[in-house]
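Everything on this sheet refers to the single structure shown next.
Computed from a prediction, not measured in an experiment: that's the story for all the values here.
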Amino acid sequence: MSLELSHVRKSFDGFQALKDINLSVGPHDFVCLLGPSGCGKTTLLRIIAGLLQADGGELLFSGQDLSRMPPRSRNFGIVFQSYSLFPNMTVRENIGYGLRIRHEPPARIAARVDELLRLIRIPDMAERFPWQLSGGQQQRVALARALAVNPRLILLDEPLSALDARVRNEMRHEIREVQRRLKIPTIMVTHDQEEALMLADTIVCMNNGAIEQVGTPQELYHEPRTRFVADFIGLSNLLPPDWARRHAPEALAVRPPPADESRWLLCVRPEHIRLAADADGPATVSSVTFLGNLCRMTLRWGDLDLRVEQHAAAAYREGDRVRPAIDPERGRWVAA
């Protein structure tokens, strides 16, 4: 089962929310739609779910046209940010709701709910109500309810954004483990780059209603194609070619600038800059942030501020003069 989107468009009152979206989702893929607020990712998810109608383009699931198919007929499981659990129903009743409205036999419903309670690791909470659960437990129930009907596709709309950092990290592992075990294609909307890097087989980086780049987490981090992707996924230093030629010519040894230099910037990740203490060095450490086993530093080098990351044991102090060196194998040219 695969999802194919071709030239999908959507406008609201003259504002183009989606511009010619082309995307393929494989039968077992976990895809993250990643981008800032207003980039179109939730609009795209709602069109896939059938909650919005596209203005144009084609949506096919396993060759079947979705454009005129109502949401219920698509048999997609949806988990929203707000969980949307029924407050007057127990956990068991919430999970089994989709099966009941499909008139499944009671014994089948009970067996399926028990199976999912074990899968989401709360088998002893079946008779509790949503208000008696933590945020993480409610999210598990919402996921189980979406899975109960054996959906062809799972759609997750920023499901973890309301959770605290520790619970959010736990739920990331839970969602990925469940998806890998059940092998259901999954599309998740998020603005959290760490979440996308951790969960996704494929990241779809979106900006202003368009897809900037599609690839694996490793591809988007190590091989960004545009300034937006380099800035949005991880930290980056974006160096004009003339600056690099004057201050760090070694960075151009492996990858010289493309033609029409004004259209390109050299992307260098903070971990790819090495430092050596040197009283006569060309750069000054202007700030140091301690992050446990890692220190993030800002250097004033020439007329630019660059970010550097090193293990805490190798950190420098504010005001130290240093001699930086950029790994020439690591720089990538991105469209400015």
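- The cationic atom of Arg74 (NZ for Lys, CZ for Arg) does not lie both less than 6.0 Å from the six-membered ring centre of Phe61 and within 45° of the ring axis.
- Ring-plane geometry between Tyr97 and Phe86 is classed as tilted, the angle between the planes lying from 30 to 60 degrees on a 0 to 90 degree scale.
- With salt bridges taken as basic N to acidic carboxylate O contacts below 4.0 Å, none links Glu212 and Arg227.
- Between Arg176 and Asp201, at least one side-chain N (NZ, or NE/NH1/NH2) sits under 4.0 Å from a carboxylate O, which counts as a salt bridge.
- Inspection of the Arg296 and Thr289 side chains reveals no N or O donor paired with an N or O acceptor under 3.5 Å.
- The pair Arg300-Asp305 counts as a salt bridge, with a side-chain nitrogen and a carboxylate oxygen less than 4.0 angstrom apart.
- By the 4.0 Å N-to-carboxylate-O rule, Glu104 lies too far from Arg112 to be salt-bridged with it.
- The pair Glu170-Arg166 meets the salt-bridge criterion, with a side-chain N (NZ, NE, NH1 or NH2) lying under 4.0 Å from an Asp/Glu carboxylate O.
- Donor-acceptor pairing under 3.5 Å is lacking for the side chains of Gln53 and Arg68.
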- request: Could you walk me through whether Lys10 and Asp55 pass the salt bridge (charged side-chain N to carboxylate O under 4.0 Å, His left out) test, one step at a time?
  value: CA-CA 5 Å; Lys10 181 66 179 176; Asp55 295 337; 3.6 Å; yes

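- The pair Glu177-Arg121 meets the salt-bridge criterion, with a side-chain N (NZ, NE, NH1 or NH2) lying under 4.0 Å from an Asp/Glu carboxylate O.
- Taking 4.0 Å as the cut-off between side-chain N and carboxylate O, Asp192 and Arg172 count as a salt-bridged pair.
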Donor-acceptor contacts under 3.5 Å from residues 33-52 side chains, at least two apart:
from  : atom 1 : to     : atom 2 : distance (Å)
Lys41 : NZ     : Gly35  : O      : 2.9
Lys41 : NZ     : Pro36  : O      : 3.0
Thr42 : OG1    : Asp157 : OD1    : 3.4

